[in-house]
> 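Quick one: structure below, then a few questions.
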Amino acid sequence: QRQTPQTPGESPADIAIQSTHEGYEQAMDLDALRKLAEESDRLLAIRHEPGEYVVCGSVLAVAHGSGAMTAGQARELARRVNRAFVLGVR
C-alpha cells in the first residue's frame, strides 16, 4: 500500500484521498461532499478547484478527523469522494 506524505498540519488520522481518474475538474457535488463529511465526522479539504487539471493518483482531498478508520471505511470514503467530482477533457 502506497503511503502519501503528510502535509504540515495533518495528523496520522487524516486520510489523503487520491483521484481515480484524470482530467479537468468540471464540477463537484457539494451536497454529496457535505453529506459525506457529516456522515463520516470528517472535515473534507478539497485540493483542486474547478478548471484545474487533476492527475490520476494525485491527492483530490484530505479527510481530516480525530479518529481512525478501518481500511474498508477509508476505501468507501475515497470511492464516494471520487464520485462527487466530474473530470473531463475541458
Side-chain angles (χ1 to χ4, degrees):
Q1 182 174 359
R2 196 169 98 190
Q3 292 287 332
T4 303
Q6 284 183 239
T7 307
E10 293 180 357
S11 77
D14 294 342
I15 300 168
I17 298 169
Q18 296 176 326
S19 177
T20 55
H21 296 86
E22 66 180 62
Y24 290 94
E25 183 182 323
Q26 297 176 342
M28 67 178 104
D29 185 342
L30 292 176
D31 290 333
L33 292 169
R34 187 177 301 112
K35 180 179 178 182
L36 182 54
E38 290 173 3
E39 289 174 358
S40 64
D41 196 26
R42 302 263 166 186
L43 172 70
L44 295 176
I46 306 305
R47 294 293 174 94
H48 295 276
E49 295 183 21
E52 289 185 359
Y53 193 82
V54 178
V55 177
C56 184
S58 67
V59 176
L60 188 60
V62 176
H64 298 281
S66 59
M69 294 182 107
T70 67
Q73 289 171 322
R75 277 192 304 275
E76 178 64 12
L77 178 69
R79 184 188 70 77
R80 290 178 64 189
V81 167
N82 270 277
R83 285 185 52 199
F85 285 84
V86 177
L87 304 178
V89 292
R90 270 275 174 201

> Rounded to the nearest 0.5 Å, what separates atom CG in Leu60 from atom CD in Glu25?
7.0 Å

> Return the CD1 to CZ distance between Ile17 and Arg80, rounded to the nearest 0.5 Å.
11.0 Å

> Between Asp14 and Gly65 (side chain of the first, backbone of the second, donor and acceptor by atom type, cut-off under 3.5 Å), is there such a pair?
yes

> Looking only at heavy atoms, which two atoms of Gly23 and Leu87 are closest? And how far apart?
O-CD2, 4.0 Å

> Locate the shortest heavy-atom distance separating Gly67 from Ala13; write the atom from each residue and the value.
O-CB, 3.8 Å

> So which of Asp29, Ile46, Val54 actually passes side-chain contact (heavy atoms from CB on, under 4.5 Å) with Phe85?
Ile46

> Can you name the residues that form a salt bridge (charged side-chain N to carboxylate O under 4.0 Å, His left out) with Arg79, not counting sequence neighbours?
Glu76

> Tell me every residue that passes salt bridge (charged side-chain N to carboxylate O under 4.0 Å, His left out) with Arg34, counting only those two or more places apart in sequence or in another chain.
Asp31

> Nearest heavy-atom pair of Leu33 and Met28: which atoms, and what distance?
CD1-SD, 4.0 Å

> For Glu39, is the CD atom crowded, meaning more than 12 foreign heavy atoms sit under 6.0 Å from it?
yes

> Group every Ile, Leu, Val, Met, Phe, Trp and Tyr by side-chain heavy-atom contacts under 4.5 Å, then state whether Leu43 and Leu30 land in the same group.
no

> Can you list every pair that meets ring pair (Phe, Tyr, Trp, His ring centres under 6.0 Å) and has a residue in residues 36-63, with sequence neighbours left out?
Tyr24-Tyr53

> Hey, could you give me the CG/CG distance between Asp41 and Leu36, rounded to the nearest 0.5 Å?
11.5 Å

> Can you tell if the side chain of Val55 reaches within under 4.5 Å of the side chain of Ser19, non-hydrogen atoms only?
no

> Side chains of Met69 and Ser40: closer than 4.5 Å at any heavy-atom pair?
yes

